[in-house]
Each structure stands twice: as C-alpha cells, then as structure tokens.
Asker: 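First the structure, which I've put down as structure tokens, then a few questions once you've had a look.
Keep in mind the model is a prediction, meaning the values are calculated, not measured. Read the numbers this way: they start at 1 and go in the same order the structure lists the ligands and their atoms. Excluded from the calculations below are hydrogen atoms, water molecules and symmetry mates; all remaining heavy atoms, backbone and side chain alike, are included.
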Amino acid sequence: MSLTVRDLSKSYPTRGGDMPVLRGVTLTLAAGESVAIMGPSGSGKSTLLHVLGTLDRPTTGRVELDGTDPFALPEAGLAGFRNASIGFVFQDHHLLPQCTVLENVLIPTLVGKPADDATRDRAGHLLDRVGLTGRLDHRPAELSGGERQRAAVARALIRQPKLVLADEPTGNLDRRNAQLVGELLLELHREQRTILVVVTHSLDLAKLFPRRLDMDDGKLDAAPAP
Ligand SMILES: Nc1ncnc2c1ncn2[C@@H]1O[C@H](COP(=O)(O)OP(=O)(O)O)[C@@H](O)[C@H]1O
Ligand SMILES: [Mg+2]
C-alpha cells in the first residue's frame, strides 16, 4: 500500500471567482509510514484530508492509492473503496448516540448484512485494545470524552483500512486524554502497518511522529524541528 499525491490543487467557487485552498500539494507515503500535519486554521488541512479520504474531488492533480486513482472509479465503486480502505477519526467523535459502543464500532461493517462472529470478535478485540473492555453496551452519552474518542479510533480500524486519516483527533480532549488517544493511534498504526495522516494543533502529538509537515496557505512543506 502506498499513497501518492501529486501536484494537488483544490479551489472553491465564490462570487469573487475561484478561491484556491490547496496549491500544488505533493506527498508520498509508503505502508507503515505516518505524518503529522500542522498549520494555522484555514490553511487547508481539513480540505486536504477530505481529498485524501476521497470525500472531495481535487480540482487538478492526482491521488493514487496503491497505484489506483480512486476518483476514476464510478460513484458506487468509490464509496465501496472508501469504506473498505480508509478509516476516519474526526475531532468530534461522530458516534451515533442511539447505538452502543459495540454497535458503533460495527457500523462500517454493516453493508446490508449483520456482523458475523469474526467481525464481532475483531470489534471486541479492538475495544479491549483501546481500553474499553466492559463498556461495550454503553451509549456514547455514558462515556467520557476520551472514551468516546477511543471508541471512534476502534471504529476507524474495524475494516482493517490501509489508510487512516485523523483530523485534530485530540482537539477536544484534556492533556492526559489527548496523550492517551495520540499514543493509541500511533501504536495501532504500527501494529497494523497502516498509513496514518494526522492533522493536529498539538505540538505534543506532532512530536510523536517521525515526520512532520506544515500546511500554510494551501502549501505543504517540511516542518522546522520542534
Ligand atoms: N465547501 C467549501 N466551500 C467554500 N470554501 C471552503 C469550503 N471548505 C473549506 N473552505 C475554505 O477553505 C479554506 C481552508 O479550510 P479548511 O481546509 O477547513 O482549513 P483548516 O482545516 O486548515 O482549518 C478556508 O478558508 C475555508 O473557509
Ligand atoms: Mg480543519
């Protein structure tokens, strides 16, 4: 698995003309590699993650996952590809309030069928791994913020994605829980040899990554040493 992004640009149409948000982003990551992206608010970090996650199309440039351009797939194929290959963690946990922790983790596996025993075992194992043993039947409202975000990490990994994208995953957490969630993301990334791309404002989190990039006004550059 590899991720290649070549000369990516993205503009949004506005009344005053097209507004460029990404300007010539180039990035290559091999299986097992990770990167932290930092940068001021509005610099295009979330837009980049959306394009990498195939949720949004680039204006120009190319994204390749394992040599395949996902945007060349028909719409239904693209959704299936995204569901099977990419895991997302957002700043807000995005857990469904009416579902239990276990049900939330199983949601990405429920494409028109109930979860089989192997999938439920994997969900249980992942929830053990993120420290939620004994919380499987809780609803999100019955969890702490850190626990909710750890459930969201388990959900992102349930389909064994090749690429994991996290947009300010610790942004709503206190320092201790931010540390826990950040370390978990990296440990699971190493265990499962995913590609991990994390956007963060936290220097504490970014420092855990071997590679750091700065996003500034739609351009991505190597970050200065912290
Ligand atoms: N759907 C959209 N339509 C128009 N402008 C957008 C849209 N999404 C984001 N933008 C603009 O693109 C810029 C970058 O946004 P974003 O990628 O969310 O930045 P960041 O995540 O770094 O804070 C911002 O100026 C934002 O207002
Ligand atoms: Mg953002």
Side-chain angles (χ1 to χ4, degrees), residues 3-29 33-65 70-71 75 78-79 82 86-95 145-146 148-153 155-156 161 163-175 177-179 181-182 184-186 189 194-209 211-224 226:
L3 168 68
T4 308
V5 175
R6 224 173 301 135
D7 211 18
L8 199 76
S9 76
K10 174 82 187 167
S11 301
Y12 289 111
T14 66
R15 259 179 294 169
D18 282 354
M19 185 183 71
V21 175
L22 298 177
R23 309 166 190 256
V25 171
T26 293
L27 175 67
T28 304
L29 292 163
E33 287 194 315
S34 63
V35 66
I37 299 176
M38 304 191 77
S41 185
S43 59
K45 305 181 300 295
S46 294
T47 303
L48 176 62
L49 281 201
H50 285 155
V51 175
L52 297 185
T54 75
L55 294 165
D56 209 353
R57 284 174 188 273
T59 306
T60 63
R62 210 171 151 78
V63 176
E64 277 180 16
L65 283 161
F71 297 110
E75 205 55 50
L78 181 61
R82 180 189 308 127
I86 307 176
F88 294 91
V89 181
F90 302 96
Q91 181 168 355
D92 294 311
H93 52 83
H94 289 210
L95 298 173
R148 282 197 281 266
Q149 201 58 328
R150 285 186 271 137
V153 169
R155 180 189 52 192
L163 172 63
V164 175
L165 303 171
D167 196 347
E168 307 201 24
T170 64
N172 287 353
L173 302 178
D174 60 55
R175 209 183 157 106
N177 278 295
Q179 175 92 11
V181 166
L184 256 177
L185 268 172
L186 272 158
H189 146 74
T194 59
I195 294 175
L196 174 64
V197 182
V198 172
V199 162
T200 183
H201 276 115
S202 161
L203 196 54
D204 287 342
L205 177 56
K207 276 182 186 163
L208 300 175
F209 286 72
R211 188 171 170 200
R212 286 178 297 276
L213 297 171
D214 264 338
M215 178 73 99
D216 188 20
D217 197 19
K219 294 203 188 81
L220 206 53
D221 285 304

Asker: Distance check, rounded to the nearest 0.5 Å: L173 atom CG versus H93 atom NE2?
Answerer: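 These two atoms lie 10.0 Å from each other.
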Asker: Report the C-alpha separation of M215 and L220 in whole Å, then their side-chain angles, then the decisive distance to 0.1 Å, and conclude whether the side-chain contact (heavy atoms from CB on, under 4.5 Å) test is met.
Answerer: CA-CA 5 Å; M215 178 73 99; L220 206 53; 4.1 Å; yes
Asker: Can you check side-chain contact (heavy atoms from CB on, under 4.5 Å) on D217 and R23, steps first, answer last?
Answerer: CA-CA 8 Å; D217 197 19; R23 309 166 190 256; 3.5 Å; yes
Asker: Kindly compute the distance separating CG (L205) from CZ (R212), expressed to the nearest 0.5 Å.
Answerer: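 Reported to 0.5 Å precision, the distance equals 10.5 Å.
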Asker: Taking all non-hydrogen atoms of both residues into account, name the closest pair between T170 and S202 and its distance.
Answerer: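 Reported closest heavy-atom pair: OG1-CB, 4.4 Å.
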Asker: Please report the number of protein N, O or S atoms that lie less than 2.8 Å from the Mg ion (ligand 2).
Answerer: 1
Asker: Please say which of T47, D18, D56, T59 ends up in a side chain to side chain donor-acceptor pair (under 3.5 Å) with K10.
Answerer: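 The passing option is D56.
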Asker: Nearest 0.5 Å, what's the CG-CG distance between L49 and L165?
Answerer: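 Here the rounded value is 5.5 Å.
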Asker: So how far is it from L65 CG to L29 CG, rounded to the nearest 0.5 Å?
Answerer: 10.5 Å
Asker: With a 4.0 angstrom cut-off on heavy atoms, strictly below it, pick out the residues next to ligand 1 and order them by chain and number.
Answerer: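 Lining ligand 1 at under 4.0 Å, by heavy atoms, one finds Y12, M19, V21, P40, S41, G42, S43, G44, K45, S46, T47.
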Asker: Start with the C-alpha distance between L196 and F209, add both sets of side-chain angles, then the distance that settles side-chain contact (heavy atoms from CB on, under 4.5 Å), and finish with yes or no.
Answerer: CA-CA 10 Å; L196 174 64; F209 286 72; 3.8 Å; yes
